[in-house]
Amino acid sequence: MTQGSKRLTTDALETFTGTERWYCHPLVRDVIYTAGARYVAVHGGAYWLLDEIAFAQKSVAAVAAEEFQLWKLTVQADHSAHLVCEDGNGGQVFSKAIAYTDFPLPEIRLYFTSNVILLPNEY
């Protein structure tokens, strides 16, 4: 999917209020994600973002130790980005600089709890 064809908008994300469909992460099989998270991946070209969250559960002890996680991706004007995981109380437990992304929104937040990646509205 090229940048011009990405159709992700914040208005569209606000329509997700719960989920009736669950998807299993293909590589981290005990992580699942909701229809809203899948929408972000499909329409934002961001399966890589779901991967980052899922892989961190297995590779970063501080992340795995948090029962509730707030993930924030902030995209800069030069297309670099910063991905941060917080503990839900403002405490940062993980961060990663991303040299380049064509993610279409300037910022997105996702939750991870009970092995599920979801949009805040779906919580």
Side-chain angles (χ1 to χ4, degrees):
M1 182 179 287
T2 63
Q3 184 173 350
S5 65
K6 291 187 180 155
R7 304 173 308 277
L8 186 64
T9 66
T10 54
D11 288 342
L13 297 180
E14 291 175 9
T15 66
F16 292 93
T17 56
T19 193
E20 295 179 8
R21 180 90 193 237
W22 305 91
Y23 301 87
C24 184
H25 189 276
L27 300 174
V28 184
R29 303 293 290 171
D30 59 339
V31 170
I32 58 176
Y33 51 94
T34 62
R38 182 176 182 275
Y39 187 88
V40 169
V42 170
H43 296 280
Y47 277 101
W48 63 269
L49 180 56
L50 301 184
D51 290 346
E52 289 284 351
I53 296 168
F55 295 157
Q57 307 310 312
K58 300 298 181 187
S59 63
V60 182
V63 170
E66 292 299 329
E67 185 176 317
F68 178 86
Q69 302 163 19
L70 167 61
W71 287 83
K72 294 190 283 188
L73 177 70
T74 306
V75 180
Q76 306 303 317
D78 67 357
H79 295 283
S80 66
H82 195 223
L83 181 62
V84 173
C85 174
E86 294 181 358
D87 63 7
N89 294 314
Q92 183 175 308
V93 294
F94 173 82
S95 73
K96 180 176 182 176
I98 298 170
Y100 178 83
T101 182
D102 60 355
F103 188 74
L105 298 178
E107 181 178 276
I108 191 160
R109 294 169 184 243
L110 295 164
Y111 290 165
F112 181 86
T113 187
S114 302
N115 288 341
V116 179
I117 302 170
L118 63 156
L119 293 172
N121 299 17
E122 294 177 302
Y123 185 67

- With side chains defined as the heavy atoms from C-beta onward, is the minimum distance between Leu83 and Trp71 less than 4.5 Å? yes
- Task: State, to 0.1 Å, how close Val31 and Ala54 come at their nearest heavy-atom pair, and which atoms those are.
- Result: CG1-CB, 4.1 Å
- With rounding to the nearest 0.5 Å, note down the distance linking NE2 in His43 to CG in Leu8. 8.0 Å
- With a 3.5 Å cut-off and no angle check, do the side chains of Asp78 and Ser80 form a donor-acceptor pair? yes
- Query: Closest heavy-atom contact between Ala12 and Tyr39?
  - Reply: CB-OH, 3.6 Å
- Query: Would you call Leu105 and Thr10 a side-chain contact if the rule is heavy atoms closer than 4.5 Å?
  - Reply: yes
- Any luck finding a side-chain donor-acceptor pair between His25 and Asp30 under 3.5 Å? no
- Query: Can you name the closest pair of heavy atoms from Ala37 and Ile117 and give their distance?
  - Reply: CB-O, 3.7 Å
- Are Leu73 and Leu70 connected, step by step, through hydrophobic side chains (Ile, Leu, Val, Met, Phe, Trp, Tyr) whose heavy atoms are closer than 4.5 Å? no
- Task: Locate the shortest heavy-atom distance separating Gln69 from Cys85; write the atom from each residue and the value.
- Result: CB-SG, 3.8 Å
- Is any side-chain N of the basic residue among Glu52 and Lys96 closer than 4.0 Å to the acidic one's carboxylate O? yes
- Query: Minimum heavy-atom separation for Gly44 to Pro104, with atom names?
  - Reply: O-CD, 3.5 Å
- Query: Does Val116 offer a backbone N or O that forms a donor-acceptor pair with the side chain of Ser114 under 3.5 Å?
  - Reply: no
- Task: Of all the heavy-atom pairs spanning Glu67 and Thr113, show the shortest one and how long it is.
- Result: O-OG1, 3.3 Å
- Separation between CH2 of Trp22 and CD1 of Ile32, rounded to the nearest 0.5 Å: 5.5 Å
- Message: Is there a path of hydrophobic side-chain contacts, each under 4.5 Å between heavy atoms, that joins Val93 and Phe112?
- Response: yes
- Task: Go through Phe68 and Tyr123 one step at a time and tell me if the ring pair (Phe, Tyr, Trp, His ring centres under 6.0 Å) criterion holds.
- Result: CA-CA 11 Å; Phe68 178 86; Tyr123 185 67; 5.5 Å; yes
- So Lys72 and Glu86, salt bridge (Lys or Arg N to Asp or Glu O under 4.0 Å) or not? Walk me through it. CA-CA 8 Å; Lys72 294 190 283 188; Glu86 294 181 358; 3.0 Å; yes
- Does one hydrophobic cluster hold both Val84 and Val75, with members joined at side-chain heavy-atom distances below 4.5 Å? no
- Asn121 and Thr15, any side-chain heavy atoms less than 4.5 Å apart: no
- Message: Does any part of the side chain of Val40, heavy atoms only, come nearer than 4.5 Å to the side chain of Tyr33, both counted from C-beta?
- Response: no
- Query: Do Val42 and Tyr47 have side chains that get closer than 4.5 Å, going by heavy atoms?
  - Reply: yes
- Query: Hey, quick one: are Val28 and Val63 part of the same hydrophobic cluster, counting side-chain heavy atoms closer than 4.5 Å, chains of contacts allowed?
  - Reply: yes
- Is there side-chain contact between Trp48 and Thr101, with heavy atoms separated by less than 4.5 Å? yes
- Note on the structure: Taken to the nearest 0.5 Å, the spacing of Phe16 CZ from Glu122 CD works out to 6.5 Å
- Query: Quick one: CG on Leu13 to CZ on Arg109, what's the gap to the nearest 0.5 Å?
  - Reply: 13.0 Å
- Task: Kindly indicate whether the side chain of Ile53, heavy atoms from C-beta on, has any atom under 4.5 Å from the side chain of Phe55.
- Result: no
- Message: Determine whether Gln92 and Phe94 satisfy the following criterion, side chain to side chain contact (heavy atoms under 4.5 Å, CB included), listing intermediate values before the conclusion.
- Response: CA-CA 6 Å; Gln92 183 175 308; Phe94 173 82; over 6 Å; no
- Hey, does Leu110 have a side-chain heavy atom less than 4.5 Å from the side chain of Leu119? yes
